[in-house]
Amino acid sequence: MHTFLTQRIAAIKHTITELEARYQRVPHSVNLLAVSKTKPATTIATAYQAGLRHFGENYVQEARQKQQLLGAFDITWHFIGPIQANKTKTIAQHFSWVHSVDSVKIAQRLSQQRPSNLAPLNICLQVNISAEASKSGIALDALQLTCEHIASLPNLHLRGVMAIPAPETDFNLQCYPYQRLYQATQALDTFTLDSFSFGMSGDLAAAIKEGATWVRIGTALFGAR
Ligand SMILES: *Cc1c(COP(=O)(O)O)cnc(C)c1O
């Protein structure tokens, strides 16, 4: 099991390097965020020993249990799941990044609740790029205004955007929503966004082609959930 996971980590890293070259991305500009939801702390420890440092979790309570078990490890924790208002305090206290901010209200709470002894919380704004009513995320045409609000909050550092497009198998259809979102960010005045949280196990290549700086990989590293 350990060697299997170690091999998968090496294979994904190799794939990322190849895709950076294929799409003329700057070497090492795509970072691997290991999505460890539903996987035990022992799996995270193995992945850590194989060199991974960034882990993404979707559920606050589950993440806290693992964080407590892994307190001795130098892990950077990213929250990537839906955010309920009553969970913002725990998230503000125990994560370095939040990829799934989808309202000014949630951002305000995270800023208020971020402990003053910690660095500003890194934020990606989740954008509902496929315009599906059921998915969370802000509408693309609200991006400018929402960025303005979030950038004014003292204990947050607005870093970029995140998207979870509707699943597609066709490569061009996978690229299109990321391309639209990336282009929309280039039209924003006054913000320097350096983080694009694009791509999961099934659309890694499209995401890297379209500018991903974080790829959030679960299944391809840890197997099916
Ligand atoms: C679960 C999850 C992932 C990982 O998806 P895989 O297809 O398993 O790689 C990425 N991003 C978010 C927001 C997730 O919830």
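Counting starts at 1 for both ligands and their atoms, in listed order. Only this structure's heavy atoms are used, side chains among them; waters, hydrogens and symmetry mates stay out.
Nearest protein heavy-atom contact of atom 10 (C) of ligand 1 is Met200 SD, 3.2 Å. The protein heavy atom nearest to atom 2 (C) of ligand 1 is Lys37 NZ, 2.5 Å. In terms of protein heavy-atom proximity, atom 9 (O) of ligand 1 is nearest to Ser201 OG, 2.5 Å.
Ligand 1 does not have His99 within reach: every non-hydrogen atom of the residue lies 4.0 Å or more from it.
In the vicinity of Ile217, heavy-atom distances shorter than 4.0 Å reach the ligand 1 atoms 9 (O). Remark: ligand 1 atoms within the under-4.0 Å shell around heavy atoms of Arg216 are 4 (C), 9 (O), 10 (C), 11 (N), 12 (C), 13 (C). Less than 4.0 angstrom separates some heavy atom of Thr219 from each of these atoms of ligand 1: 6 (P), 7 (O), 8 (O), 9 (O). Those atoms of ligand 1 that come under 4.0 Å of a heavy atom in Ile164, given as number and element, are 13 (C). Shown in contact with Ile80 at under 4.0 Å from a heavy atom are these atoms of ligand 1, numbered in order with element: 11 (N), 12 (C), 13 (C), 14 (C).
Residue contacts with ligand 1 for Asn58 involve side-chain atoms from C-beta outward but no N, CA, C or O (heavy atoms, distance under 4.0 Å).
Taking distance alone, with nitrogen or oxygen atoms compared against 3.5 Å, Gly218 approaches ligand 1 more closely than that limit.
For Gln174 and Glu168, the side-chain atoms include no donor-acceptor pair closer than 3.5 Å.
Each of Tyr178, Phe198, Phe171 was checked for a side-chain contact (heavy atoms from CB on, under 4.5 Å) with Lys209, and the lone residue meeting it is Phe171.
Here Lys37 does not pair with Glu62 in a salt bridge; the nearest charged N to carboxylate O distance is not below 4.0 Å. With salt bridges taken as basic N to acidic carboxylate O contacts below 4.0 Å, none links Glu18 and Arg22.
Relative to the six-membered ring of Phe222, Arg8 misses at least one condition, a distance below 6.0 Å or an angle of at most 45° to the axis.
You'll find the side chain of Cys124 stays beyond 4.5 Å of the side chain of Phe196, heavy atoms only.
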Report all side-chain donor-acceptor pairs from residues 71-81 shorter than 3.5 Å, counting only partners two or more places apart or in another chain.
residue : atom : partner : partner atom : Å
His78   : ND1  : His99   : NE2          : 2.8
His78   : NE2  : His54   : ND1          : 2.8

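The salt bridge (charged side-chain N to carboxylate O under 4.0 Å, His left out) search around Asp141 returns none, not counting sequence neighbours.
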